[in-house]
Amino acid sequence: MTFNLRIQPSYLGRLAGLGIAVVFSSSVMANDWTYSAEVYALGAGVDIKTTRGQSTAADFDDIIDNLEFALFGSFAAKRDRLALIANILYVDLQDSEVNSRDSMTRRVEVELKTVVTTLAAGWEFNRSDTYVIHGVLGARLLALDTDLTAEVDSLGASYFNESTEVWDAVIGVQGRAELSNQWYLSYYADIGTGDSDLTWQAVTSVGYRFENLDIAFGYQYLKWQFNEMLLDELEIAGPALGLRFHW
């Protein structure tokens, strides 16, 4: 049995993403902008709950054997109080879970390919010698390709497939706090809705600053709650280690 379900992107999320993209294309070529880029390797755990009552989770302890690829990249441009932010997360995961209950064995296999893109504009509304805070408004695109196999002894197997794009408008906050001349704490958080019932993201990291390069270690958390989809919930969370470049 195979299900193919597609959800039309909400106009709210589309318009927010288009608006930020237009601002990016018309602004980042200016000479008086400053830029930064980040690349992270993720040790992320993925937790999936489905509308068919199945659930599977792959945590950091065992995800190394199942996670084919996970990478996070970010680009930011800033001029005066205005900041433009674009980031992308890619996860390619295969995971399985076997449960035995009442003399029956249930096997669930999931293959999940996920691309998450967030486009946002931020406005600096508070700054001092030791911290800076931006308010953020933007859009997030979640592109999913999900294959789910659920098998129960003597009852056979069921197969589900879904490929869809989920657009959400998001609002949040971004900031940085200086801990010393070399060390600093950065953070980002947002919440939104659109095609999903609710989505939110939280990222924090501690960085060590060199001249044009920073080394950062942090933690990233993303979650979506859905309606009328193969997945009820999708959660991506875990530690990240990466580099920041600024010029």
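- In this structure, Phe75 CZ and Leu119 CG are separated by 12.0 Å, a value rounded to the nearest 0.5 Å.
- Annotation: side-chain contact (heavy atoms from CB on, under 4.5 Å) contacts of Val115 (sequence neighbours excluded): Ile88, Tyr90, Thr117, Ala143.
- Other members of the cluster containing Tyr187 are Phe125, Tyr131, Ile133, Val173, with ILVMFWY side chains joined at under 4.5 Å, either directly or via other members.
- Remark: the backbone N or O of Asp195 is paired with a side-chain donor or acceptor of Asp168 at under 3.5 angstrom.
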Sequence neighbours left out, cut at 3.5 Å: what donor-acceptor pairs do the side chains of residues 240-247 make with other protein atoms?
| residue | atom | partner | partner atom | Å |
| --- | --- | --- | --- | --- |
| Arg244 | NE | Glu38 | OE1 | 3.3 |
| Arg244 | NE | Glu38 | OE2 | 3.3 |
| Arg244 | NE | Tyr40 | OH | 3.3 |
| Arg244 | NH1 | Tyr184 | OH | 2.8 |
| Arg244 | NH2 | Tyr40 | OH | 3.2 |
| Arg244 | NH2 | Ser186 | OG | 2.8 |
| Arg244 | NH2 | Ser205 | OG | 2.7 |
| His246 | NE2 | Asp214 | OD1 | 3.1 |

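- Ionic pairing of Asp32 and Arg79 is present here: one or more N-O contacts between side-chain nitrogen and carboxylate oxygen are shorter than 4.0 angstrom.
- Applying the salt bridge (Lys or Arg N to Asp or Glu O under 4.0 Å) test to pairs two or more places apart or on separate chains, those with a residue in residues 121-134 are Lys78-Glu124, Glu124-Arg127.
- For the residue pair Asp145 and Ser163, the shortest heavy atom distance occurs at OD1-OG, 3.0 Å.
- Nearest heavy atoms, Tyr219 versus Pro239: CD1-N, 3.7 Å.
- For Thr199 (side chain) and Lys223 (main-chain N/O), a donor-acceptor pair under 3.5 Å exists by modelled atom type.
- Taking 4.5 Å as the limit, every side-chain heavy atom of Leu142 sits out of range of all side-chain heavy atoms of Leu222.
- Side-chain heavy atoms closer than 4.5 Å link hydrophobic residues (I, L, V, M, F, W, Y) into clusters, and following such links, even through other members, never connects Val132 to Trp33.
- The aromatic rings of Phe210 and Tyr208 sit perpendicular, their planes meeting at an angle over 60°, well past the 30° parallel limit.
- Across Ala139 and Val170, no two heavy atoms sit closer than the pair N-CG2, 3.9 Å.
- Sorted by first then second residue, the salt bridge (Lys or Arg N to Asp or Glu O under 4.0 Å) pairs that include residues 170-186, not counting sequence neighbours, are Arg176-Glu178, Glu178-Arg209.
- A side chain to side chain contact (heavy atoms under 4.5 Å, CB included) with Trp224 is found for exactly one of Ile236, Leu198, Asp197, namely Ile236.
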Test log, rule side-chain contact (heavy atoms from CB on, under 4.5 Å), inputs Val116 and Gln201: CA-CA 11 Å; Val116 184; Gln201 177 179 203; over 6 Å; no
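- Formation of a donor-acceptor pair under 3.5 Å by the Asp92 side chain with backbone atoms of Lys113 is not found in this model.
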Val166/Thr164 under side-chain contact (heavy atoms from CB on, under 4.5 Å): CA gap, chis, key distance, verdict: CA-CA 7 Å; Val166 178; Thr164 190; 4.3 Å; yes
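- Scored by the side-chain contact (heavy atoms from CB on, under 4.5 Å) test, Trp123 finds Arg81, Leu82 as partners (sequence neighbours excluded).
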Verdict with supporting geometry, Gln225 and Trp200, side-chain contact (heavy atoms from CB on, under 4.5 Å): CA-CA 9 Å; Gln225 294 178 343; Trp200 61 92; 3.9 Å; yes
side-chain contact (heavy atoms from CB on, under 4.5 Å) evaluation trace for His134 with Ile85: CA-CA 11 Å; His134 292 85; Ile85 305 160; over 6 Å; no
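- In this structure, the side chains of Phe72 and Leu89 come closer than 4.5 Å at one or more pairs of heavy atoms.
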